[in-house]
There are 2 protein chains.
Amino acid sequence: MENEGKGLHARVLESLGPAITAGDYPPGTVLRTDELEERFDVSRTVIREAVRVLESMQLVASRRRVGVTVRPTEEWNVYDPRVIGWRLAGRDRPRQLRSLTVLRSAVEPVAAGLAAQHATPAQCAELTEHAMGMVATSRGQQLDAYLVHDVAFHRIVLTASGNEMFARLGDVVAAVLTGRTQHHVMFTDPDPAAVTLHVQVAEAVRTGDAARAESLTREITAGAMAELDVLAP
Amino acid sequence: MENEGKGLHARVLESLGPAITAGDYPPGTVLRTDELEERFDVSRTVIREAVRVLESMQLVASRRRVGVTVRPTEEWNVYDPRVIGWRLAGRDRPRQLRSLTVLRSAVEPVAAGLAAQHATPAQCAELTEHAMGMVATSRGQQLDAYLVHDVAFHRIVLTASGNEMFARLGDVVAAVLTGRTQHHVMFTDPDPAAVTLHVQVAEAVRTGDAARAESLTREITAGAMAELDVLAP
DNA sequence: CGGCCAATTAAGTATGACGTTTTCGTCACG
DNA sequence: CGTGACGAAAACGTCATACTTAATTGGCCG
């Protein structure tokens, strides 16, 4: 098993979390502690700790004399990295991918503008480096290598913005980009226009041109949205 | 006491969470379970469950033979509503307020643009209603009533965008707006220009003019940023 | 000096007993 | 027949304890 190395409660979590976020237990469903205890063949301690975590994600609510009830979707902590991961792995992956892409299209341009103002020389260097990397790997079925540079590029922009809320979306963007590559047919090279835009963004950040960095990044995210409209429901 | 009604673990959480997010325990600090057990005079069960929740927020990491260690700030789940609340209540409230305002300025304009495309007639009606309410309460030291309409307005825009990630930021925006009112001297009425902008946004959303809704909202959030520069460090 | 093994430490798990709150059913009374 | 109060049951919440597991430390031996 690849399931070893973590505590039992983590294993229960990795089973219940995806199931709930996938909608296997519709909102209002009640789970009794001792039922789960038996189902996973673990002690109450373990179940209780797993339930506490699910509760902290607002996926469930535990009430006396009633049980652990699944909460409606609108109340979930949809920004919790694990919730995002579970939903991306589950049934409504397309919808989730769309939500996150829209979020990207809102956040990244502003982040790029701020990065142009706050990025350190070292960050600027890394940025151009990865932009170059994208150019170098943009042709000839090197999608994996390209993805690495793409993810790194966007992560640096978010970090260099100097806003911690933006910086923490790095994983989200990485997940979206990775997801896109996986769904892309493996034989189509990246859009050359997008590659050029990344190079230009790196340049704009380096020269401190915030407005240009923002508008160029808006073009990138607009492209990502357009791709979605082609490939997703 | 006003502390009744919740479980013991919740009480421990409400004590440890704010302390950690306030920086009372610098990253790397280790907390032993039995020490906490004694300090709060509760059983191990309770401490363990509280620690699990803190762990799920990435505030701490629990490792065997070493203890519960506080994680560096960059790893915290800064989108967790409780973490946001604790930080807003704590020492670096100004920095947090600034981060959230920047996030707002990125998200709300895009949300308003989407709202113009997706808002239901009922939502449009509510929107104009609250915009009117803002006009009515914008003069004569009715800041509390004004705030209610302001919060409702922005909440509806985020919800009407149809993006669940945006919708879940309603509480964040509410916290920011509330925080601003509290810090505002209680005798200055809201900026008339901002009030007008809200009315115009409601109109743009109603008529489905996405570009206009977005750009007007951008003006609103730009105003909020400008206010910050005046009042905050 | 270096690597290996054992002792120690603190978290992880299991279990049984008891407390607490909420819900539901029953019974008596108007 | 309806209503209210009382009581029992159900499920989570808390406590105490014993045992297990993994990681670190330190000492012993090569």
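Values below: every heavy atom of this structure, side chains too, minus hydrogens, waters and symmetry copies. Order of the sequence lines fixes the chain letters, A, B, ..., with proteins taken first and strands second; residue numbering starts at 1 for each chain.
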Return the value, rounded to whole Å, for the distance between atom [atom1] of [X] and atom [atom2] of [N].
X: Glu49(B); N: dT13(C); atom1: CD; atom2: P; value: 13 Å
X: Arg52(B); N: dA11(C); atom1: CZ; atom2: P; value: 11 Å
X: Glu35(B); N: dT9(C); atom1: CD; atom2: C1'; value: 15 Å
X: Leu13(A); N: dG12(C); atom1: CG; atom2: P; value: 14 Å
X: Asp34(B); N: dT9(C); atom1: CG; atom2: P; value: 12 Å
X: Glu55(A); N: dC12(D); atom1: CD; atom2: C1'; value: 11 Å
X: Arg48(A); N: dC12(D); atom1: CZ; atom2: C1'; value: 6 Å
X: Phe40(B); N: dG13(D); atom1: CZ; atom2: P; value: 19 Å

Applying a 4.0 Å non-hydrogen cut-off, can you work out what Ile47(A) is touching in the nucleic acid: base, sugar-phosphate, or nothing?
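Answer is nothing: Ile47(A) stays at 4.0 Å or more from every strand.
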Ring-plane angle category for His149(A) and His130(A), please: parallel below 30°, perpendicular beyond 60°, tilted otherwise.
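Taking His130(A) first and then His149(A), their aromatic rings sit tilted (interplane angle of 30° to 60°).
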Parallel, tilted or perpendicular: which one describes the rings of Tyr79(B) and Tyr79(A), with boundaries at 30° and 60°?
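The arrangement is parallel - the two ring planes meet at less than 30°.
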Measuring to OP1 and OP2 of dA11(C), would you say a side-chain N or O of Thr33(B) lies under 4.0 angstrom away?
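Checking Thr33(B) against dA11(C): at least one side-chain N or O falls below 4.0 Å of OP1 or OP2.
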Footprint string (nucleotides 14-20 of chain C, 5' to 3'): B base within contact, S backbone only, - free, heavy atoms under 4.0 Å:
BBBB-BB
From OG1 (Thr73(A)) to CH2 (Trp76(A)), nearest 0.5 Å
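The distance works out to 4.0 Å.
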Please tell me which of the listed nucleotides, dA11(C), dT13(C), dT14(D), lies nearest to the side chain of His9(A)?
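In terms of side-chain proximity for His9(A), the closest of dA11(C), dT13(C), dT14(D) is dT13(C).
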Would you mind telling me which of dT22(C), dT14(D), dT24(D) lies closest to the side-chain atoms of Arg63(B)?
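Minimum distance to the Arg63(B) side chain belongs to dT24(D).
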Stem finding on DNA chain D, please: runs of three or more consecutive Watson-Crick or G-U wobble pairs, both distances under 3.5 Å, sorted by first number.
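Stems for DNA chain D, defined as runs of 3 or more consecutive pairs: C:1-30 with D:1-30.
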Minimum heavy-atom separation for Ile156(A) to Gln123(A), with atom names?
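Looks like CG2-O, 4.0 Å.
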Reference residue Leu13(B); test side-chain contact (heavy atoms from CB on, under 4.5 Å); the match among Val51(B), Leu54(B), Leu8(B)
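Single pass found, and it is Leu54(B).
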